[in-house]
Protein chains: 2
Amino acid sequence: MVSYQAIEPDQAVNENLKAKRMPQPAPEPLRPIRRNEIRQQNEQLILQAAEKVFAEAGFGGATMQLIADVAGLPKANLHYYFTTKEELYRKVVSNIFDIWLHAAESMDNAPGPVEGIGAYIDAKMEISRRHPDGSKVWASEVMHGAPVIQDYLETTLRDWTAGRVALIQGWIDAGQMAAVNPDHLLYMLWAATQHYADFGHQIETLNGGPLTDRQWAEAKDSVKAMILRGIGAA
Amino acid sequence: MVSYQAIEPDQAVNENLKAKRMPQPAPEPLRPIRRNEIRQQNEQLILQAAEKVFAEAGFGGATMQLIADVAGLPKANLHYYFTTKEELYRKVVSNIFDIWLHAAESMDNAPGPVEGIGAYIDAKMEISRRHPDGSKVWASEVMHGAPVIQDYLETTLRDWTAGRVALIQGWIDAGQMAAVNPDHLLYMLWAATQHYADFGHQIETLNGGPLTDRQWAEAKDSVKAMILRGIGAA
DNA sequence: CTGATAGCTGACCATACGGTCAGGAAAAGA
DNA sequence: TCTTTTCCTGACCGTATGGTCAGCTATCAG
């Protein structure tokens with residue numbers, strides 16, 4: 001079996017659990033544990049660990065035990081918050097989808113393609129840099145036929161896409177850019193930006209290490225320059 | 001657990017096995033079974049089934065039993081030809097890598113970027129169309145940190161990339177295209193073309209069905225037009 | 001024809017997995 | 001204080017998985 005690099009369970013440990021297991025010298029801990037917060041905090045902790053593990057191993061390769069170790073919680077505790085592995089996975093994917101949709105708003109209310117598509121590329125490149133795991137989970141899900149989020153594709157994404165296609169067509173009709181096929185332009189935008197997350201390991205290997213701030217800026221500029229020139233908007 | 005669509009085991013059945021299990025009316029079957037051929041044939045059969053299953057379920061989600069069913073062979077027979085799941089997977093990935101490298105030759109011996117990069121896009125789009133499973137397996141492997149083909153990335157791919165970067169730089173120096181960053185141009189080429197395989201399901205969903213011949217042609221033209229214009233070569 | 005060898009496979013095994021549950025601990029409410 | 005509710009978890013279970021192996025059959029060289 002392929003041995004994915006082991007993740008140190010102690011990398012992320014619930015601070016509250018730590019505190020609980022040792023005598024507390026202070027009569028009142030600085031952050032009193034309120035019930036409401038516990039649930040929110042642990043769910044977040046589990047979701048973060050799950051995103052990492054799902055991205056690294058895929059749905060089939062990920063194990064609840066490993067997610068639990070990364071989160072620093074007993075496995076049974078995961079099943080207390082998320083009944084099944086699929087329910088946890090579904091929540092992870094849906095979170096990512098929300099981030100994406102939110103970032104997509106940057107395209108609207110722009111006077112033209114240079115600003116609109118430029119801002120969209122900026123936003124998507126930033127997501128690739130800050131949420132590479134999320135991007136990978138999404139990519140993995142779609143590659144496997146979207147067994148879990150097919151309905152999202154057919155409703156939300158479809159509607160969003162139709163709206164942006166109309167937006168782009170409007171720019172074309174107004175002579176603000178070349179008459180490219182809007183669908184394929186969107187595909188290229190998604191592909192070019194998400195590539196830096198999904199294939200980040202390949203890029204880092206070729207680059208001889210993680211991209212520096214300067215290199216990320218150059219990546220962003222390169223993508224923007226090529227695409228904007230490619231659609232005759234620059 | 002996510003239920004990936006079941007694959008009908010009988011979709012691909014070894015014709016020789018079929019023949020063996022039923023009385024042969026003809027004294028000499030048209031294709032006599034030679035020992036040499038059996039090995040080659042079955043290995044090919046298993047590799048094809050494996051590529052399909054690995055692409056659909058990922059390494060962790062794929063099972064030897066399912067691969068065996070798709071290949072129409074008993075599971076134990078798989079282990080006769082490929083000792084471990086990882087060995088089989090490694091062979092699948094390495095086969096894909098070879099196809100990619102071979103297609104990459106289309107970029108060489110071109111008088112300029114229009115012909116060279118145009119031909120490369122053509123070749124890669126054709127691979128995305130004809131070998132989508134292979135592309136997905138590669139993507140999955142890289143996304144998971146390339147646990148199996150890291151050495152390929154560091155040697156073969158690195159060398160190939162360096163060569164093409166020099167080639168592109170030569171075109172830039174000769175004034176045949178704009179002064180784009182060659183590395184990021186390569187990333188965009190990979191991203192834009194492989195997207196049609198890796199995210200094929202998403203594209204098909206948005207498209208309301210598989211791309212037609214005409215739509216594939218338009219996709220190819222769109223990618224070529226945008227990129228070639230984007231690098232100032234058209 | 002005969003021994004040797006490659007191809008084949010049902011039955012089996014140890015392990016690891018997702019998920020369950022009884023029961024304890026801690027906080028909130030009364 | 002007592003009761004209720006939420007939180008927590010070690011131990012356990014049925015199942016499915018990757019892999020093995022003894023023993024069979026089919027081919028081939030001599």
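Quick caveat: nothing in here was measured; it's all calculated off a predicted structure. Just so we're on the same page: letters track the sequence lines, and every chain starts at 1.
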Taking only the side-chain heavy atoms of [X] (C-beta and beyond), determine which of [options] contains the nearest atom.
X	options	answer
N77(A)	dG19(D), dC7(D), dT9(D)	dT9(D)
I38(A)	dC21(C), dG10(C), dC7(D)	dC7(D)
A76(A)	dG7(C), dC8(D), dT9(D)	dT9(D)
Y80(A)	dT9(C), dG18(C), dC7(D)	dC7(D)
P74(B)	dT9(C), dC8(D), dT20(C)	dT9(C)
T63(B)	dT17(D), dG19(C), dC7(D)	dT17(D)
K85(A)	dG18(C), dG19(D), dG10(C)	dG18(C)

Whole angstrom is fine here: how far is it from [atom1] in [X] over to [atom2] in [N]?
X	N	atom1	atom2	value
Q65(B)	dG19(D)	CD	P	13 Å
L78(A)	dG19(C)	CG	P	11 Å
E87(A)	dG18(C)	CD	C1'	14 Å
Q41(A)	dA27(C)	CD	P	14 Å
Y89(A)	dG18(C)	OH	P	14 Å
Y81(B)	dC8(C)	OH	C1'	8 Å
M64(A)	dA16(C)	CE	P	18 Å
D69(A)	dT9(D)	CG	C1'	14 Å

When the C1' atoms of the five terminal pairs at each end define the local axes, what inter-axis angle does the helix from dC1(C)-dG30(D) to dA30(C)-dT1(D) show, to 10 degrees? 10°
Mind checking A62(A) for me? I need base, sugar-phosphate or nothing, with any heavy atom below 4.0 Å counting as a touch. sugar-phosphate
Does F82(A) reach a base, just sugar-phosphate, or nothing at all? Heavy atoms under 4.0 Å. nothing
Can you find a pair of side-chain heavy atoms, one from W138(B) and one from F199(A), that are under 4.5 Å apart? yes
For [Y], is there an ion pair with [X] - N to carboxylate O distance below 4.0 angstrom?
X	Y	value
E87(B)	K91(B)	no
E218(A)	R214(A)	no
E86(B)	R90(B)	yes
D108(A)	R164(A)	yes

Residues 119-131 of chain A vs side chain to side chain donor-acceptor pair (under 3.5 Å), sequence neighbours excluded, gives Y120(A)-W190(A), D122(A)-K224(A), K124(A)-Q194(A), E126(A)-R130(A), E126(A)-K220(A), R129(A)-D213(A)
Whether R39(B) contacts dG7(C) is assessed here as follows: a side-chain N or O lying under 4.0 Å from the phosphate OP1 or OP2. Is that the case? yes
Under 3.5 Å, is there any donor-acceptor pair linking the side chain of K75(B) to the base of dG19(D)? yes
What distance do Q215(B) atom CD and N181(A) atom CG have between them, rounded to the nearest 0.5 Å? 9.0 Å
Hydrogens and angles aside, do Y89(B) and E141(B) bring a side-chain donor and acceptor to less than 3.5 Å of each other? yes
